[in-house]
There are 2 protein chains.
Amino acid sequence: MPSARRKEKDARLEAPVDLGRLNDSFGYLLRRAQTAVFQRFFDLFAKFDIRPAQYSILTVIESNPGLSQTRLANSLGIKKPNLVAIIDIFEERGLTRRESLENDRRSHALYLTPKGIALIGQLHRLDAEIDQSISQLMNGDERRRFCNVLRQVTSG
Amino acid sequence: MPSARRKEKDARLEAPVDLGRLNDSFGYLLRRAQTAVFQRFFDLFAKFDIRPAQYSILTVIESNPGLSQTRLANSLGIKKPNLVAIIDIFEERGLTRRESLENDRRSHALYLTPKGIALIGQLHRLDAEIDQSISQLMNGDERRRFCNVLRQVTSG
DNA sequence: TATTGTTATACTCTATAACTATA
DNA sequence: TATAGTTATAGAGTATAACAATA
């Protein structure tokens, strides 16, 4: 296909489609925005071989050293069975360790290793970078308001 | 386990976990909010055996009668191959139809059937219901601002 | 040579039931 | 009898390569 026609065709292909009611559907807008932000996380974290969910898990272990897998899973809305393989991989990579408790030997206390602590510091910087690129679209008051709205939406 | 201890244990299990930096991560808050809203869509649409992605597809066909599968897929950020089975199911259920084009017989023009039109009307009402429950957390100006921010985040 | 719709396929994410060892 | 962690497994959702028909 000649380049002129090619361009014409591309334009038609990318011509605006009317999204109709979706344009004003909070649920749809939220979905698309979340997907876009996730993609940025994915790309930025790729060089550390860390995915968004893994980042959130390391962050919670960092802030709550010694917590159990059940509490960790509940806090992030992850099912316990799906956490096992993730923690296994962290241990293989030397990022976290499971410590046995003397008073309840069913439970494991989770901790970051020094290597894990070093990594999460780098990841936080990337997270903050993404956050800043979004935050610049708003002023400080708006950002606080929107974060609160998002928290309210999440909890009920 | 006695009921008193049971309660004690539940409290400990549900005790607040510090999410650390995630508490101020727009990406994380967006993710959790989107998941929560999706769950509401999922539950509300269940009685029509329609999932959120299916709702968005029907909506775009409604607003752009005769568009092709490629344009439909591009507009919603869906890969073409993943659209095929969805449209097949719509046809089996008598919600949409593919019409052959005389000038380009590779392409199919998509249309809602009368049954599809009736259904999408009901779905829009449910979508509006969810939307209203979220919108009441803000005033009108905030909602418009927030939607604009979400659109900006989505487009880059 | 390029594009539309399609098939096949693989990978991730998520969800549930059931097991084990402890309590 | 109940709980923590685990295993196995099944279902969505999503991604890519490659094909046939058509342009």
The side chain of [X] is closest to which nucleotide in this list: [options]?
| X | options | result |
| --- | --- | --- |
| B:Lys80 | C:dT22, D:dT14, C:dG5 | C:dG5 |
| A:Asp88 | D:dT7, D:dG13, D:dT16 | D:dT7 |
| B:Arg106 | D:dG5, D:dT22, C:dT14 | D:dT22 |
| B:Pro81 | D:dG5, C:dA8, C:dT22 | C:dA8 |
| A:Val84 | D:dG13, D:dT6, D:dA23 | D:dT6 |
| B:Arg51 | C:dT7, C:dG5, D:dA12 | D:dA12 |

When the distance from [atom1] of [X] to [atom2] of [N] is rounded to whole Å, what number comes out?
| X | N | atom1 | atom2 | answer |
| --- | --- | --- | --- | --- |
| A:Asp104 | C:dT22 | CG | C1' | 7 Å |
| A:Glu99 | D:dG5 | CD | C1' | 17 Å |
| A:Ile78 | D:dA4 | CD1 | P | 17 Å |
| A:Gln69 | C:dT20 | CD | P | 19 Å |
| B:Asp43 | C:dA15 | CG | P | 12 Å |
| A:Asn82 | C:dA17 | CG | C1' | 13 Å |
| A:Ile89 | D:dT6 | CD1 | P | 13 Å |
| B:Glu102 | D:dT22 | CD | P | 15 Å |

>> Is it the case that the base of C:dT22 and the side chain of A:Arg105 share a donor-acceptor contact (distance under 3.5 Å, atom types as modelled)?
In response: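 Result: no qualifying N/O pair found.
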> Under 4.0 Å: is that the gap between some side-chain N or O of A:Arg98 and OP1 or OP2 of D:dT6?
Replying inline: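 Indeed, a polar side-chain atom of A:Arg98 lies that close.
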> Looking only at side-chain N and O atoms, does A:Thr70 come under 4.0 Å of OP1 or OP2 in D:dG5?
Replying inline: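 Yes.
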>> Quick check for you: to the nearest 0.5 Å, what is the distance between A:Leu58 atom CG and A:Phe48 atom CZ?
In response: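 Between A:Leu58 CG and A:Phe48 CZ, I get 12.0 Å after rounding to 0.5 Å.
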> Going by distance alone, is a donor N or O of one side chain under 3.5 Å from an acceptor N or O of the other, for A:Ser135 and A:Arg143?
Replying inline: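 Side chains of A:Ser135 and A:Arg143: pair found under 3.5 Å.
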> A:Phe45 vs A:Phe41 aromatic rings, parallel, tilted or perpendicular, using cut-offs 30° and 60°?
Replying inline: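 It falls in the perpendicular class, over 60°.
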> Which class fits the ring pair A:His124 and A:Tyr55: parallel under 30°, tilted 30 to 60°, perpendicular over 60°?
Replying inline: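 Ring orientation of A:His124 relative to A:Tyr55: perpendicular.
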> Starting at the 5' end of DNA chain C, which residue's closest nucleotide do you reach first, B:Leu67 or A:Asn103?
Replying inline: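 Looking at the nearest nucleotide for each, B:Leu67 comes out on the 5' side.
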> Has the side chain of A:Lys115 got a donor or acceptor atom that lies under 3.5 Å from a matching backbone atom of A:Thr96?
Replying inline: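 Between the backbone of A:Thr96 and the side chain of A:Lys115 there is no qualifying donor-acceptor contact (under 3.5 Å).
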>> If you assign each of A:Ser107 and A:Gln39 to its closest nucleotide in DNA chain D, which residue comes earlier from the 5' end?
In response: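 The residue whose closest nucleotide sits nearer the 5' end is A:Ser107.
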